[in-house]
Participant: 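Handing you this structure, nothing more for now.
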Amino acid sequence: MKKIWKALGSIRLTIIVLLLLVCDLAGGYASLRGSEKIFKPLNDLGLIEWISTYGKTYPGHTVWFFALFVLLFLLAVNTFVCTTDRVFVLIENRKHFLNRLRFFLKFSVHIMHYALIIILIGYLVSYLYAVTCSNMIIALNQDSMIPGTKIRVLLQSIDIDYYQGDRLDFLNDRACKVKADLLLTADDKQTSKTIGLNDPFWFKDLSFHLNDFAPRSKSGMQRQPYISLIIKKDPGMKLYFSGTVFFLAGLIMYLYQWFLLQSRKGEEI
Amino acid sequence: MFFIRDLFYIAAFFYLLSLGIGILCRGKLILFFRCLLFIGLFANLLSITGRYYFSWPLMPMYQVPFFLPLVIGVLLFKTIWHKQAGCMLLVCALCLLSMAAVFFPNDFYLPFLESRTFFSHLFFWAGIVGQACFIIAGAHALVHIRLCRTNSGNGQAQKLEKSKNRVFPGNRTRTSRWVVWGFAFWTISMFSGEIWSYLGWGSPVVWDNAAILTAMATWFYYTCFLHLHLQKMWNSQRQAYAAVFGAVLTLIFNFYPDLGKFKFPDLNHLFQFLRTIL
C-alpha cells in the first residue's frame with residue numbers, strides 16, 4: 001500500500017502526466033479546429049449524454065478528450081498524494097521555522113495544488129450534474145415557464161442603447177448596451193431582476209445569462225423585441241470558483257514569498 | 001484604421017533599422033541605436049493606443065501580434081537601453097514578431113459585444129504579458145546556452161568555472177524569474193477567461209474556440225518547467241533548453257493562431273502622407 005501511495009505521489013509521474021497533457025492538448029487543438037460543432041453541445045447536454053451521442057459517433061475527433069479525462073484524473077490523484085505528503089512533512093518541521101510568516105508562506109504552493117484539485121472536481125461536478133436550458137426565447141411582455149421548474153418568467157421591458165458616433169464605425173446604429181427587466185414568479189412570490197450581456201443574475205439555484213436579443217440594429221428590418229436566455233443549474237460553479245480564488249491566493253502568497261526571499265537573502269527559489 | 005496600420009509599419013521599420021545599426025556598429029552609435037528603438041516603440045505604442053481607442057469598450061480581437069513587440073520592448077527597456085547581454089537577440093525577436101504582424105495581419109475581425117467586460121480586457125492583457133515573459137525567458141536561456149558554448153568551445157574551462165557564479169546563474173535566475181512571472185500572468189489570463197466565459201455563456205469553458213486548448217497546453221508545459229526547476233531535478237543547461245523550447249511552443253501555440261494569411265502591406269496611405277509632408 002505504501003509503495004502504491006509513493007508511486008502515485010512521485011514527482012516523476014507529475015512530469016510525465018504534465019508532458020502527456022501538453023501533447024494531448026496539442027493534438028486536441030488540431031482535432032477541435034474546424035470541428036467545434038462536435039464539442040459545442042458538451043455544455044448543454046452534460047458529459048454522460050454527450051459521450052453517448054457525439055463522443056461515440058466521432059471517435060476520431062473525440063479520442064483526445066477521453067485521454068484528457070484520464071490524464072487529468074491521474075494529475076489530480078498525483079497532486080493530492082504528493083501535496084498531502086509534503087504538507088505533513090512541513091507541519092512536522094514547523095519548529096525549525098523561527099518566522100511564522102515564512103512558515104505560513106511555505107503553504108503557498110500546497111494551496112495552489114489543492115486549489116487545482118478543487119477546480120477539477122468543480123468542472124467534473126458541473127459537467128456531470130449541471131442542467132442547462134440553452135436557448136429560452138422570451139418575447140416582450142410574454143410570460144413563460146422555465147422547463148423543469150415551477151418558475152415563471154416575464155419580460156417586462158428591454159432597453160437597448162444604440163451606438164451613435166464616429167469612433168466605433170462598425171457599431172453605428174447597432175446595439176452597444178442592453179438591459180432587460182424580468183419578473184420572476186415562484187411560489188406565488190414575485191421578484192424583479194435585471195439582466196444584461198456579461199451581467200447574469202441568480203435566482204433559486206439557477207443562473208440566468210443573456211445569450212441573444214433583438215432588435216440589434218436601429219436600421220434595416222425591424223424585429224419584434226425578444227431576449228434569448230441561457231438558464232443553468234450548476235452545482236459545480238461554487239467549487240470551481242472557490243478553487244480559482246484559492247489558487248490566486250496561493251499564487252499571490254508564492255510571489256510574496258519569492259520576493260521576500262530574493263530581496264532578503266538573494267536565495268533562488 | 002489605415003493610419004493605425006501605418007504607425008505599426010513605421011514601428012516595424014524602426015525596429016529593423018535599430019537592429020541593423022546595433023549589429024553593424026557593435027557598441028558605437030549607441031545613442032543612435034537607442035533613439036531608433038525608442039521611436040519604434042513609441043510608434044508601436046501609438047498604433048496600439050489607436051487600436052484600443054477604436055474598439056473600446058470592446059476588446060480588440062486577434063491583435064496580440066501588434067501588442068506583443070511593444071510589451072516585450074517595455075518589459076526589457078532597461079536591458080535593451082543599456083545593451084546588456086542578450087539585447088540584440090531581443091531586438092531581433094521584436095523585429096521578427098513585428099514582421100510577422102506586418103505580413104500576416106489578422107485584424108479584420110470586428111470586436112463583439114460580449115467582450116464588453118473588465119474580465120475580457122484582463123484576459124487579453126494578462127495573456128500578452130504572459131506570452132512576453134515566456135519569450136523573454138527563452139531569450140535569456142538562449143544567451144545562457146551561447147555563453148556556455150562559447151566558453152567551453154574556447155577551452156576556457158577554468159574561466160568557465162570562475163564565471164559560473166557571476167554570469168550563468170544570473171541568466172539562469174533571470175530565466176526562471178521571467179518564467180514565474182509569465183506563469184502568474186498566464187494563470188490570471190486563464191482565470192479571467194474562465195470568469196468572462198461564465199458571465200457571458202454560463203460555462204467556464206466555451207468550446208467555440210480551439211485556442212483554449214493551446215492556452216491550457218502552454219500552462220501545463222510551464223507547470224512542468226516550474227516543477228523541474230523547483231525540485232532542482234535538472235542542470236542549468238537542460239533548464240535553458242527547456243525555456244527556449246517553451247518560448248518556441250508559446251509562439252506556435254499562442255502567437256501563430258492569431259496571425260492571418262500572407263498579405264503585402266498596403267503602404268499607399270503612408271506614402272501619400274509622407275508626400276504631403278515633404
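Proteins get letters first, then strands, A, B, ... in listed order; numbering begins at 1 in each.
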Participant: Does A:Lys179 have more than 12 heavy atoms from other residues, nucleotides or ligands lying within 6.0 Å of its NZ?
Facilitator: yes
Participant: Need one label for A:Leu21: side chain, backbone, both or neither, based on atoms under 4.5 Å from any heavy atom in chain B.
Facilitator: side chain
Participant: Which one of A:Lys37, A:His209, A:Lys232, A:Met237 has the most heavy-atom pairs closer than 4.5 Å to chain B?
Facilitator: A:His209
Participant: In terms of heavy-atom pairs under 4.5 Å, which option from A:Leu248, A:Asp199, A:Ile252 contacts chain B the most?
Facilitator: A:Leu248
Participant: With a 4.5 angstrom heavy-atom cut-off, could you sort out which part of A:Thr244 is near chain B: side chain, backbone, both or neither?
Facilitator: both
Participant: Measuring heavy-atom distances to chain B, does A:Leu75 have an atom under 4.5 Å in its side chain, in its backbone, in both, or in neither?
Facilitator: side chain
Participant: Please look at A:Ile119 and chain B and tell me whether the side chain, the backbone, both or neither of the residue comes under 4.5 angstrom of a heavy atom of that chain.
Facilitator: side chain
Participant: Do you know which of B:His227, B:Met190, B:Met216, B:Glu194 has the most heavy-atom pairs under 4.5 Å to chain A?
Facilitator: B:Glu194
Participant: Chain A heavy atoms under 4.5 Å from B:Thr187: which part of the residue, side chain, backbone, both or neither?
Facilitator: side chain
Participant: Checking A:Asp234 side chain against B:Ser203 main chain: does a donor-acceptor pair fall under 3.5 Å?
Facilitator: no
Participant: State, to 0.1 Å, how close B:Cys224 and A:Ile15 come at their nearest heavy-atom pair, and which atoms those are.
Facilitator: SG-CG2, 3.8 Å
Participant: Counting only N and O atoms by type, is there a donor-acceptor contact under 3.5 Å from the side chain of B:Arg116 to the main-chain atoms of A:Cys176?
Facilitator: yes
Participant: What do you reckon, is CZ of B:Phe123 surrounded by more than 12 foreign heavy atoms closer than 6.0 Å?
Facilitator: no
Participant: Atom OH in B:Tyr221, atom SG in A:Cys23: separation rounded to 0.5 Å?
Facilitator: 11.0 Å
Participant: Of the listed residues (B:Tyr198, B:Phe183, B:Trp219, B:Phe253), which shares the most heavy-atom pairs with chain A below a 4.5 Å separation?
Facilitator: B:Tyr198
Participant: Does atom CZ of B:Phe112 have more than 12 heavy-atom neighbours, drawn from other residues, nucleotides or ligands, at distances under 6.0 Å?
Facilitator: yes
Participant: Counting only heavy atoms not in A:Tyr129, do more than 12 fall under 6.0 Å of its OH?
Facilitator: no
Participant: Specify the closest pair of heavy atoms between B:Trp201 and A:Ile230, including all atoms of both residues, with the distance to one decimal.
Facilitator: O-CD1, 3.6 Å
Participant: Heavy-atom cut-off 4.5 Å, strictly under: side chain, backbone, both or neither for B:Glu114 against chain A?
Facilitator: both
Participant: Name the member of A:Ile38, A:Asn43, A:Leu19 that forms the most heavy-atom pairs with chain B at distances under 4.5 Å.
Facilitator: A:Asn43
Participant: Select one option (side chain, backbone, both, neither) describing which atoms of A:Phe65 are under 4.5 Å from chain B's heavy atoms.
Facilitator: side chain
Participant: How about CZ on A:Phe170, more than 12 heavy atoms from neighbouring residues, nucleotides or ligands closer than 6.0 Å, or not?
Facilitator: yes
Participant: Using a cut-off of under 4.5 Å for heavy-atom pairs, which of B:Gly200, B:Pro204, B:Ala217 has the most such pairs with chain A?
Facilitator: B:Pro204
Participant: Tell me, side chain or backbone of A:Tyr123 under 4.5 Å from chain B's heavy atoms, or both, or neither?
Facilitator: side chain
Participant: Enter the distance from B:Leu113:CG to A:Leu171:CG here, rounded to the nearest 0.5 Å.
Facilitator: 6.0 Å
Participant: Heavy-atom pairs under 4.5 Å with chain B: which of A:Asp24, A:Leu18, A:Val17 has the most?
Facilitator: A:Leu18
Participant: Within a 6.0 Å radius of atom CZ on A:Phe201, are there more than 12 heavy atoms belonging to other residues, nucleotides or ligands?
Facilitator: yes
Participant: CZ of B:Arg238: more than 12 outside heavy atoms within 6.0 angstrom?
Facilitator: no
Participant: Are any non-hydrogen side-chain atoms of A:Phe241 and B:Ile195 less than 4.5 angstrom apart?
Facilitator: yes
Participant: Do you know which of B:Val206, B:Leu110, B:Asp208 has the most heavy-atom pairs with chain A at a distance under 4.5 angstrom?
Facilitator: B:Asp208
Participant: Between A:Val22, A:Asn198, A:Leu32, who has the most heavy-atom pairs with chain B when the cutoff is under 4.5 Å?
Facilitator: A:Asn198
Participant: Mark yes when over 12 heavy atoms from residues, nucleotides or ligands other than A:Tyr29 sit less than 6.0 Å from its OH; otherwise mark no.
Facilitator: yes
Participant: B:Pro57 and A:Leu168: which non-hydrogen atoms are nearest, and at how many Å?
Facilitator: CD-CD1, 4.3 Å
Participant: Hey, could you give me the CG/CG distance between B:Leu213 and A:Leu68, rounded to the nearest 0.5 Å?
Facilitator: 8.0 Å
Participant: Pair A:Asp169, B:Phe54 - check side-chain contact (heavy atoms from CB on, under 4.5 Å), show working.
Facilitator: CA-CA 8 Å; A:Asp169 220 14; B:Phe54 287 111; over 6 Å; no
Participant: Counting only non-hydrogen atoms closer than 4.5 Å, does A:Leu116 touch chain B with its backbone (N, CA, C, O), its side chain (CB onward), both, or neither?
Facilitator: side chain
Participant: If the plane angle is over 60° it's perpendicular, under 30° parallel, otherwise tilted; pick one for B:Trp207 and A:Trp64.
Facilitator: tilted
Participant: Out of A:Arg216, A:Lys40, A:Arg174, A:Arg33, return the one with the most heavy atom pairs under 4.5 angstrom to chain B.
Facilitator: A:Lys40
Participant: Could you tell me whether the side chain of A:Phe39 reaches within less than 4.5 Å of the side chain of B:Val205, counting heavy atoms only?
Facilitator: no
Participant: To the nearest 0.5 Å, how far apart are CG in A:Leu25 and CD1 in B:Ile212?
Facilitator: 10.0 Å
